Amino acid sequence: MLKLMKLELKKYKIGRYLPGILIANVVILMLIGGVHMAEHVDNGIDFFQDYTMAFGAIIAFVKITFVIFASVILAKLVIGEYNAKTVNILFTYPVRRKKIMAAKLLLVSLWTFVTVLLSGLFVTGGFLLADASLNMVPQTLTAPMIVDHLLRLLLNAVSAAGVCLIPLLFGMMKKSVSATIVSAVILLTVTDSNNMGFSLSAGYILPLVFAAAGVLIAFWSIRKIETSDVL
């Protein structure tokens with residue numbers, strides 16, 4: 001499995017997405033800064049009333065950004081093989097089809113986990129540095145708040161690693177790249193949208209449920225791949 005993953009890394013040069021990841025993190029920080037400026041212009045906006053809300057926003061921004069990012073990579077690694085007809089060559093390898101696809105899915109999942117976790121830490125660090133100078137949150141930050149945030153960030157990184165695989169179900173139906181990406185956007189509006197302070201991904205249990213559901217749905221999507229016609 002590890003060898004297959006290394007081949008996929010080399011084939012698609014996933015490391016080339018690093019500049020995009022860095023740019024996305026900077027944009028997220030700029031967006032958070034823009035919201036803070038809007039609070040000063042319009043006193044009716046109270047986006048950062050406490051650290052729970054601020055940290056929740058950071059996790060949501062990072063998770064949404066990189067799950068959509070992951071759906072693009074997933075579409076390229078899996079759906080793109082079908083559209084380019086290279087999947088016919090791929091499946092001539094002396095390796096089971098499911099193992100090949102599992103390597104692709106595991107690669108995307110691990111990429112998403114690492115990217116969400118590290119980006120979350122980076123954005124959090126940038127936010128706290130800005131908060132120390134600008135007093136963006138009218139609340140005293142405590143160690144338990146930081147520990148809670150780090151735990152929630154870890155759980156949501158795990159959740160993202162599973163959720164990012166769910167769009168494969170819709171992409172495989174029509175072998176459509178656009179369906180894969182659009183379904184990811186729609187999915188995230190349900191699981192990670194913030195409605196009056198409530199989000200399905202805000203707790204400790206549901207993120208893990210979403211992660212498990214993503215893994216099950218992904219492997220259900222490729223359950224017939226050993227016998228399906230790829231022409």
Side-chain angles (χ1 to χ4, degrees), residues 17 20-21 24-25 27-29 31-32 35 47-79 104-124 127 148-174 176-222:
Y17 293 110
I21 294 171
N25 281 319
V27 170
I28 291 172
L29 282 171
L31 180 60
I32 291 173
V35 172
F47 197 74
F48 297 138
Q49 58 182 322
D50 55 40
Y51 281 105
T52 298
M53 184 173 288
F55 287 154
I58 289 172
I59 291 174
F61 284 146
V62 170
K63 185 179 177 183
I64 289 171
T65 299
F66 292 108
V67 169
I68 294 174
F69 208 139
S71 72
V72 175
I73 298 175
L74 183 66
K76 186 175 182 62
L77 264 64
V78 180
I79 309 302
K104 290 175 177 286
L105 298 182
L106 184 57
L107 179 61
V108 174
S109 184
L110 288 175
W111 180 92
T112 306
F113 172 79
V114 172
T115 304
V116 170
L117 183 60
L118 294 183
S119 295
L121 292 173
F122 175 80
V123 174
T124 298
F127 171 77
D148 180 71
H149 171 59
L150 294 177
L151 178 58
R152 289 179 187 275
L153 177 58
L154 178 61
L155 289 174
N156 275 275
V158 173
S159 176
V163 169
C164 71
L165 303 178
I166 296 178
L168 180 66
L169 174 64
F170 304 96
M172 288 292 284
M173 288 179 180
K174 296 288 186 180
S176 170
V177 171
S178 58
T180 306
I181 299 171
V182 170
S183 62
V185 175
I186 295 173
L187 176 65
L188 289 167
T189 60
V190 175
T191 62
D192 289 87
S193 61
N194 192 306
N195 299 305
M196 302 298 291
F198 173 77
S199 172
L200 290 175
S201 296
Y204 293 107
I205 303 301
L206 282 179
L208 297 179
V209 173
F210 292 147
V215 173
L216 291 174
I217 290 172
F219 282 95
W220 187 83
S221 302
I222 62 172

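We're numbering straight along the sequence, starting at 1. This one's a predicted model, so the numbers in the text were calculated from it and none came from an experiment.
- Side-chain atoms of Ser71 come within 3.5 Å of backbone atoms of Ile68 as a donor-acceptor pair (strictly under, hydrogens ignored).
- Using a distance-only test at 3.5 Å, with no hydrogens or angles considered, a donor-acceptor pair links the side chain of Ser183 to the main chain of Thr180.
- Closest non-hydrogen pair, Ala75 versus Val177, comes out as CB-CG1, 3.7 Å.
- In this structure, the separation between CG on Leu105 and CG on Leu77 is 9.0 Å, given to the nearest 0.5 Å.
- Under the 3.5 Å distance criterion, the side-chain polar atoms of Thr115 are matched with a main-chain donor or acceptor of Trp111.
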Stepwise side-chain contact (heavy atoms from CB on, under 4.5 Å) test for Leu150 and Leu154: CA-CA 6 Å; Leu150 294 177; Leu154 178 61; over 6 Å; no
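- For the pair Thr189 (side chain) and Ile186 (backbone), a donor-acceptor distance under 3.5 Å is present.
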Working for side-chain contact (heavy atoms from CB on, under 4.5 Å), residues Leu107 and Lys104: CA-CA 5 Å; Leu107 179 61; Lys104 290 175 177 286; 5.8 Å; no
For residues 165-174, please give each side-chain donor-acceptor pair under 3.5 Å, one per line with the distance, not counting sequence neighbours.
none

Test side-chain contact (heavy atoms from CB on, under 4.5 Å) applied to Phe61 and Val27, step by step: CA-CA 10 Å; Phe61 284 146; Val27 170; over 6 Å; no
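- Residues Val116 and Val62 come closest through the heavy atom pair O-CG1, 3.6 Å.
- Ser159 contributes no side-chain N or O that, together with a main-chain N or O of Leu155, makes up a donor-acceptor pair within less than 3.5 Å.
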Candidate pair Cys164 and Leu74, rule side-chain contact (heavy atoms from CB on, under 4.5 Å), full reasoning: CA-CA 8 Å; Cys164 71; Leu74 183 66; over 6 Å; no
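- For the pair Thr112 and Ala70, the tightest heavy-atom approach, listed with the atom from each and the gap, is OG1-CB, 3.2 Å.
- Scanning both residues, Val123 and Ile32, for their nearest heavy atoms gives CG1-CD1, 3.9 Å.
- A tilted orientation is assigned to the rings of Tyr51 and Phe55, their planes being inclined by 30° to 60°.
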